[in-house]
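Report on the following structure.
Every chain is numbered from 1, with letters handed out A, B, ... down the list of sequences.
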Amino acid sequence: MDAAPDRTPLTRDFFDRPVLEVAPDLLGRVLVRDSDDGPIELRLTEVEAYAGEADPGSHAYRGKTPRNAVMFGPPGHVYVYFTYGMWHCMNLVCGPEGMAGAVLLRAGEITEGAELARKRRLSARNDKELAKGPARLATALDVDRSLDGADLCGDPNSPFRILTGTPVEAKQVSEGPRTGVGGEGSVHPWRFWTANDPTVSPYRAHVPRRRRT
DNA sequence: TCTTCGATTTACT
DNA sequence: GTAAATCGAAGAG
């Protein structure tokens with residue numbers, strides 16, 4: 001029998017480390033999302049690291065803007081962006097203030113509140129698909145830009161918390177190129193996932209969109 | 001100001 | 001397998 005997940009909240013020190021150290025360490029952790037509709041808990045199974053202004057694949061590459069400002073702030077906060085005209089994706093800000101590191105939450109397993117997640121993810125054919133992909137994960141958790149900047153540590157009114165959970169052993173952590181990231185950004189193996197977990201999203205290489213006529 | 005295209009998902013051939 | 005959906009950020013002019 002597996003031991004019950006540790007429900008001790010992670011402190012800000014956890015996030016105040018280099019992003020490449022934090023990212024694999026997030027696998028197996030439990031994200032708690034409180035909303036008016038009720039709580040949802042998600043065990044993280046897949047993440048991607050974005051390493052600040054020096055990383056061509058990162059939104060922070062071209063410096064600080066109103067959209068990405070949270071990435072440049074203190075660690076332990078949530079960065080939410082809107083993309084493709086219809087989806088949101090959720091990141092956790094890591095590293096010291098000013099470094100603009102963040103970890104994209106790409107997939108997870110809903111361990112509490114699956115019924116609520118199903119209502120928000122009507123196209124999901126089974127529970128493994130509820131949070132299988134970054135925009136799906138954000139949809140299941142009802143995350144949008146209004147939650148940009150929310151604190152994960154130390155704010156009792158925050159809609160988010162992250163618990164110690166059951167960290168995935170190093171030998172169970174797989175790594176590879178980041179999904180959907182093109183150019184020089186694709187050379188780094190900065191995507192981390194739990195080996196053999198059915199909730200991990202399929203890899204898709206970056207494809208430049210065709211010009212509309 | 002105008003044009004392009006994205007850390008994606010879904011539906012359809 | 002491919003394309004559409006749909007809007008805002010960012011680069012070009």
Note to self: Could you tell me if the side chain of A:R106 sits less than 4.5 Å from the side chain of A:T179, heavy atoms only?
What the structure shows: yes

Notebook entry, point to check: Reading DNA chain C 5' to 3', how would its secondary structure be written in dot-bracket notation, given Watson-Crick and G-U pairs with both distances under 3.5 Å, brackets [ ] for crossing pairs and | for partners on other strands?
Noted result: |||||.||||||.

Next item on the list: If the plane angle is over 60° it's perpendicular, under 30° parallel, otherwise tilted; pick one for A:Y79 and A:H59.
Entry: perpendicular

Notebook entry, point to check: Would you say A:V19 and A:W190 make side-chain contact, with heavy atoms under 4.5 Å?
Noted result: no

Next item on the list: Find the distance A:R67:CZ to B:dG6:P and express it as a whole number of Å.
Entry: 12 Å

Margin query: Taking the side chain as everything from C-beta on, heavy atoms only, tell me whether A:V47 gets closer than 4.5 Å to A:L92.
Written below: no

Check: Where along residues 101-114 of chain A does a heavy atom fall under 4.0 Å from DNA chain C?
Finding: none

Next item on the list: Group every Ile, Leu, Val, Met, Phe, Trp and Tyr by side-chain heavy-atom contacts under 4.5 Å, then state whether A:V93 and A:I162 land in the same group.
Entry: no

Notebook entry, point to check: Pick the nucleotide of DNA chain B nearest each of A:E48 and A:A124; which residue has the one closer to the 5' end?
Noted result: A:E48

Notebook entry, point to check: Of all heavy-atom pairs between A:L147 and A:R33, which one has the smallest distance, and what is that distance?
Noted result: CD1-NH2, 3.5 Å

Check: A:D16 versus A:P96: any side-chain heavy-atom pair under 4.5 Å?
Finding: yes

Margin query: Counting C-beta onward and ignoring hydrogens, is there a side-chain heavy-atom pair between A:P177 and A:H188 closer than 4.5 Å?
Written below: no

Checklist line | Nearest-angstrom distance from the residue atom CG of A:D148 to P of B:dA7 | finding: 16 Å

Checklist line | Given A:L31, A:V32, A:L141, the one that forms side-chain contact (heavy atoms from CB on, under 4.5 Å) with A:E41 | finding: A:V32

Checklist line | Salt bridge present between A:D148 and A:R67 (N-O < 4.0 angstrom) | finding: no

Item checked: Validation row: A:W87, A:T139 side chains within 4.5 angstrom (heavy atoms) -> yes

Notebook entry, point to check: Taking atom P in both C:dT6 and B:dC2, what distance in whole Å separates the two?
Noted result: 23 Å

Check: Atom NE2 of A:H206 to atom C1' of B:dT4: distance rounded to whole Å?
Finding: 12 Å

Item checked: Atom pair distance, as rounded to whole Å: CZ in A:R204 and C1' in B:dT10 -> 10 Å

Notebook entry, point to check: Is it true that A:D25 and A:R17 make a salt bridge, defined as a side-chain N closer than 4.0 Å to a carboxylate O?
Noted result: yes

Margin query: Taking the C1' atom in each of C:dG1 and B:dA7, what is the distance between them to the nearest angstrom?
Written below: 24 Å

Output a table of nitrogen or oxygen pairs between the protein and nucleotides 11-13 of chain B separated by less than 3.5 Å.
none

Check: For residues 132-143 of chain A, which residues have at least one heavy atom under 4.0 Å from DNA chain B?
Finding: A:G133, A:P134, A:A135, A:R136

Note to self: Between P on C:dA9 and NZ on A:K64, what's the gap in Å once rounded to a whole number?
What the structure shows: 16 Å

Check: Side chains of A:R178 and A:Y50: does their closest heavy-atom pair fall under 4.5 Å?
Finding: yes

Margin query: Quick check on contacts: within residues 185-203 of chain A, what sits under 4.0 Å from DNA chain B by heavy-atom distance?
Written below: none

Next item on the list: Pick base, sugar-phosphate or nothing for A:R125, based on heavy-atom distances below 4.0 Å to the nucleic acid.
Entry: nothing

Margin query: Base, sugar-phosphate or nothing for A:G180? Non-hydrogen atoms, less than 4.0 Å.
Written below: sugar-phosphate

Next item on the list: Identify the two heavy atoms, one from A:R191 and one from A:V200, that lie closest to each other, and give their separation to 0.1 Å.
Entry: NH2-CG1, 3.7 Å

Atom pairs under 3.5 Å, N or O on each side, protein against nucleotides 4-8 of chain C: can you list them with distances?
residue	atom	partner	partner atom	Å
C:dT6	O2	A:Y84	O	2.5

Check: Are A:F14 and A:V78 connected, step by step, through hydrophobic side chains (Ile, Leu, Val, Met, Phe, Trp, Tyr) whose heavy atoms are closer than 4.5 Å?
Finding: yes

Checklist line | Contact check, side chains of A:F15 and A:L26, non-hydrogen atoms, under 4.5 Å | finding: yes

Check: Just by modelled atom types, is the A:P198 backbone N or O under 3.5 Å from a matching donor or acceptor in the A:K132 side chain?
Finding: yes

Notebook entry, point to check: Is the backbone N or O of A:V30 less than 3.5 Å from a side-chain atom of A:R43, with the two atoms forming a donor-acceptor pair by type?
Noted result: no

Notebook entry, point to check: Counting only distance, no hydrogens or angles, is the base of C:dA9 paired donor-acceptor with the side chain of A:H59 under 3.5 Å?
Noted result: no

Notebook entry, point to check: Counting N and O atoms only, with roles assigned by atom type, does the side chain of A:R118 sit under 3.5 Å from a partner on the main chain of A:D127, one being a donor and the other an acceptor?
Noted result: no

Checklist line | Length of the line joining A:H88:NE2 and B:dT9:P, which is rounded to integer Å | finding: 13 Å

